Amino acid sequence: MIRFTDTLTKSKKEFIPLEKGKVGMYVCGPTVYNTVHIGNARPAVVFDALRRYFEYRGYKVTYVMNFTDIDDKIINRIKEEGWDFETITSTYIREYLRDMRALGVRDANFNPRISQYIPETISFIETLVEKGFAYVVDGEVFYDVTKFEGYGELSHRKLEDMLSGARIEVDQRKKNPGDFTLWKPAKTGEPSWESPWGKGRPGWHIECSVMSTSILGDTFDIHAGGNDLIFPHHENEKAQSEACTGCEFSRYWLHNGMLQMNGAKMAKSVGNIISIRDAVKKYGRDAVRMFIFSTQFRGPIDYSEERFEDWKKAARRVEDALIRVEELANGIPSFTKSASDWIKEKRKMFVEFLDDDFNTSRVLSLIFEIVKEMNSTDDIGRLFEAYWLIKGEFGDVMGLFTDTPTKIKQSDDSKMDEVMDLMIDVRNSLRKAKLFEQADMIRDGLNESNISLLDGPEGTKWQIT
RNA sequence: GGCAACGUUGCCAAGGGGUCUAAGGCAGAGGUCUGCAAAAUCUCUAUUCGUCGGUUCAAAUCCGACCGUUGCCUCCA
């Protein structure tokens, strides 16, 4: 039984899909006007893993993640850089997908862009106007928050509280300060489309409502995103969608906590960002993912270089253990399907942990316990089972250890291999003759060329550092 | 000011009424391996859970107050 703490009800709820064996998930994606940072990676990695877990548990998942390709920030960049709309959005979409693939995030089944859903958007807004939830002023369409009974229930705020705390200058044309734009009249030079209210473009909140319901249906299973989107974005989405369709919108709301740096949210607007690309390059994919999995996804998580270094070492511990098995088996060890009691026990724990509010942290601890077992057991059968459990099964769900580098493989250059073999032979004869000073000269010299020699029980290995 | 979270060992973090003298990772200490290094590996490492009260046979876990941190209320994953 899979259970999640739902943002709306604030309680652990058993997951019951709308349709047996199927899950529809919608995750709010990035606005494509800039390179993404590791804060953006958190929802992508967590919800990607959740998707894989659903599949592991036998569900067929339809995973939708949008790109916001019409937005003030994009328009600003068009003005600043003189780029055209298509160039800027397609460039950053490409970059985003590249970064996510480097992180081991699988592509979504659908990556809708609002610019491709204009007719759907217009008819969605028309319905809202017809039903009396929206009103038009000077070619701009607003949503009337007082018309929707449940407004505020997702973010657990009362309408009165929101009004009293309103800090922005209220647009005089709005009936209520909390009303938000569904359709914005275009200014010259901005991307715009014809509509019953004149030339214009969709507001931010409407796009996710339109695309999620268009692809997944009026009601779908899971809507996810960062908790900074709860208000106003998701609150507004819910209000619009339920007003429009008359159905429950998303059955479960999952929100990830913010990634912080020195106690403040990592955000482009704050300027304290680390790019995904740099992080993966510096620490490796597994370390970045393990860092993200090290805490419950709902809470905040603090970035620091030390912590990434810690997880780099931790990831290496697992990878080393896997590589050792591969060396022992002379390749990928064979695996028989018949599951032992030991496997069943570990598998049961894995499922129990993830079923319980997707507790990835406990899964990591389980993986390390298995690694310890791998390192201390004399039982080859157990060793191979452990290997497959981590690499084939748990790693597959978590997107971890998918391509462990074989540490002993040195280079593609056979000449280099020959030279190194000779060096090692020479040095080992020196060592045999107890001429350690000369032997160390070779090792130190190679070290300066970033080649390290490692003397182990099975002989000397070398690697480029 | 309103709303939502959080505060556990040197650091990160799980647990969320008894099985907790609190999982796991990093750091640290000791051992194995090695000519020595490095790497790897094994063992050990919190009577204690922000503070003060309360509920209970029993609290890190529930309740209250206080202190501290963060997010949202405006674009943001």
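First the proteins, then the strands, lettered A, B, ... as listed; each starts at 1. Model, not experiment: these values are computed from the prediction.
- Under the 30°/60° scheme for interplanar angles, the aromatic rings of H255(A) and H234(A) are found to be tilted.
- With C72(B), G24(B), G35(B) as the choices, the nucleotide that has an atom nearest any side-chain atom of F368(A) turns out to be G24(B).
- Nucleotides G54(B) and C72(B) are separated by 38 Å at their P atoms, to the nearest Å.
- Residue-level contact check: I230(A) touches neither bases nor backbone, having no heavy atom under 4.0 Å from any strand.
- Interface remark: the R443(A) side chain does form a donor-acceptor pair with the A37(B) base, using a distance-only criterion of under 3.5 Å.
- Within a 6.0 Å sphere centred on CD of E80(A), other residues, nucleotides and ligands contribute more than 12 heavy atoms.
- Among the atoms of the strands shown, none is found under 4.0 Å from any heavy atom of I367(A).
- In the set C36(B), C73(B), A77(B), A77(B) carries the atom at the smallest distance from any side-chain atom of H37(A).
- Nucleotide C75(B) holds its C1' atom 10 Å from the CG atom of D228(A), rounded to whole Å.
- Across all strands, E309(A) comes closer than 4.0 Å to no nucleic acid atom at all (heavy-atom distances).
- Among the nucleotides A13(B), A77(B), C36(B), the one closest to any side-chain atom of S361(A) is A13(B).
- Seen from the ring of Y33(A), R77(A) does not count as a face-on cation partner, given the 6.0 Å and 45° thresholds.
- Comparing the P positions of U19(B) and A37(B) gives an interatomic distance of 45 Å, to the nearest angstrom.
- Note: CG (L254(A)) to P (A77(B)) measures 18 Å, nearest angstrom.
- In terms of heavy atoms, M65(A) sits closest to P30(A) at CE-CD, 3.9 Å.
- Stacking here means ring centres nearer than 5.5 Å and ring planes tilted less than 30 degrees, and by that measure F436(A) stacks onto G35(B).
- Residue contacts shown for N375(A) are limited to sugar-phosphate atoms, with no base heavy atom under 4.0 Å away.
- With a cut-off of 3.5 Å on both pairing distances, C36(B) has no Watson-Crick or G-U wobble partner at all.
- Rounded to a whole Å, the CG atom of L154(A) is 14 Å from the P atom of C73(B).
- No engagement by E306(A) is indicated, since no non-hydrogen atom pair under 4.0 Å with the nucleic acid exists.
- At A38(B), none of the side-chain N or O atoms of N447(A) fall inside 4.0 Å of OP1 or OP2 (strictly under the cut-off).
- Using a 4.0 Å cut-off, some side-chain N or O of R317(A) falls inside it from OP1 or OP2 of C42(B).
- Closest contact between the side chain of D320(A) and the listed nucleotides A38(B), A40(B), A14(B) involves A40(B).
- Of the candidate nucleotides C36(B), G25(B), A77(B), G25(B) has the atom lying nearest to any side-chain atom of W311(A).
- K313(A) comes within 4.0 angstrom of sugar-phosphate atoms only, judged by non-hydrogen atoms across all strands, and of no base.
- Nucleic acid contact for G29(A): sugar-phosphate only, since backbone atoms but no base atoms lie under 4.0 Å from a heavy atom of the residue.
- OP1 and OP2 of A77(B) both lie 4.0 Å or more from every side-chain N or O belonging to K265(A).
- Across all strands shown, G225(A) has heavy atoms under 4.0 Å from sugar-phosphate atoms exclusively, and none from any base.
- Judged by distance alone with a 3.5 Å cut-off, no donor-acceptor contact links the side chain of D302(A) to the base of C12(B).
- Base contact: L453(A) has a heavy atom under 4.0 Å from a base atom.
- Shown here, U19(B) forms no base pair; nothing in the strands shown gives a Watson-Crick or G-U wobble contact with both key distances under 3.5 Å.
- At C11(B), none of the side-chain N or O atoms of R307(A) fall inside 4.0 Å of OP1 or OP2 (strictly under the cut-off).
- Distance check on atom C1': A29(B) versus G10(B) gives 13 Å, rounded to whole Å.
- For D440(A), taking side-chain heavy atoms from C-beta onward, the closest of the listed nucleotides C75(B), G35(B), A14(B) is G35(B).
- With the nearest nucleotide of RNA chain B identified for both I301(A) and I38(A), I301(A) has the one nearer the 5' end.
- When each of A267(A) and H156(A) is assigned the nucleotide of RNA chain B bearing its nearest heavy atom, the one mapping closer to the 5' terminus is H156(A).
- When distances are taken from the side chain of F231(A) to each of C73(B), G25(B), A77(B), the shortest belongs to C73(B).
- As judged by a 4.0 angstrom heavy-atom cut-off over every strand, R427(A) is placed among the base-contacting residues.
- One P atom belongs to G71(B), the other to A38(B), and the distance between them is 43 Å to the nearest Å.
- In this structure, D444(A) atom CG and C36(B) atom C1' are separated by 11 Å, rounded to whole Å.
- For K175(A) and F142(A), the positive end is not near the middle of the six-membered ring at less than 6.0 Å and at most 45° from its axis.
- No donor-acceptor pair closer than 3.5 Å links the side chain of R3(A) to the backbone N or O of D356(A).
- The CD atom of Q438(A) sits 17 Å away from the P atom of G35(B) (whole-angstrom rounding).
- Annotation for K187(A): atom NZ does not count as buried by contact number, only 12 or fewer foreign heavy atoms lying within 6.0 Å.
- If you take CD of E369(A) and P of U43(B), they are 12 Å apart, rounded to a whole angstrom.
- Contact annotation: K10(A) side-chain N/O to A4(B) OP1/OP2 distance is under 4.0 Å.
- Base pairing of C62(B) is made with G54(B), judged by Watson-Crick or G-U wobble geometry with both donor-acceptor distances under 3.5 Å.
- Checked against the 6.0 Å centroid threshold, H223(A) and Y252(A) do not count as a close aromatic pair.
- Here the separation of G25(B) from C33(B), taken at their P atoms, is 24 Å to the nearest Å.
- Across C26(B) and A39(B), the matching P atoms stand 13 Å from one another, rounded to whole Å.
- Across C26(B), G35(B), A23(B), the shortest atom-to-atom separation from the side chain of D310(A) is found for C26(B).
- Minimum atom distance to the side chain of R157(A) is reached by C72(B), of the listed C72(B), G71(B), G16(B).
- Using a 4.0 Å heavy-atom criterion, one finds that N227(A) contacts the sugar-phosphate atoms exclusively.
- For K158(A) and C3(B), the NZ to C1' distance is 9 Å, given to the nearest whole Å.
- When Watson-Crick and G-U wobble pairs are counted only if both distances are under 3.5 Å, A29(B) pairs with U43(B).
- Atom CE of M290(A) and atom C1' of A13(B) are 13 Å apart (whole Å).
- Comparing the C1' positions of U51(B) and C44(B) gives an interatomic distance of 32 Å, to the nearest angstrom.
- Under the Watson-Crick and G-U wobble criteria, each requiring two contacts below 3.5 Å, nucleotide C75(B) is left unpaired.
- Distance noted for atom C1' between A60(B) and G50(B): 12 Å (whole Å).
- By the 30° and 60° cut-offs, the orientation of the rings of Y303(A) relative to F308(A) is tilted.
- For R157(A) and F231(A), the positive end sits near the middle of the six-membered ring, less than 6.0 Å away and at most 45° from its axis.
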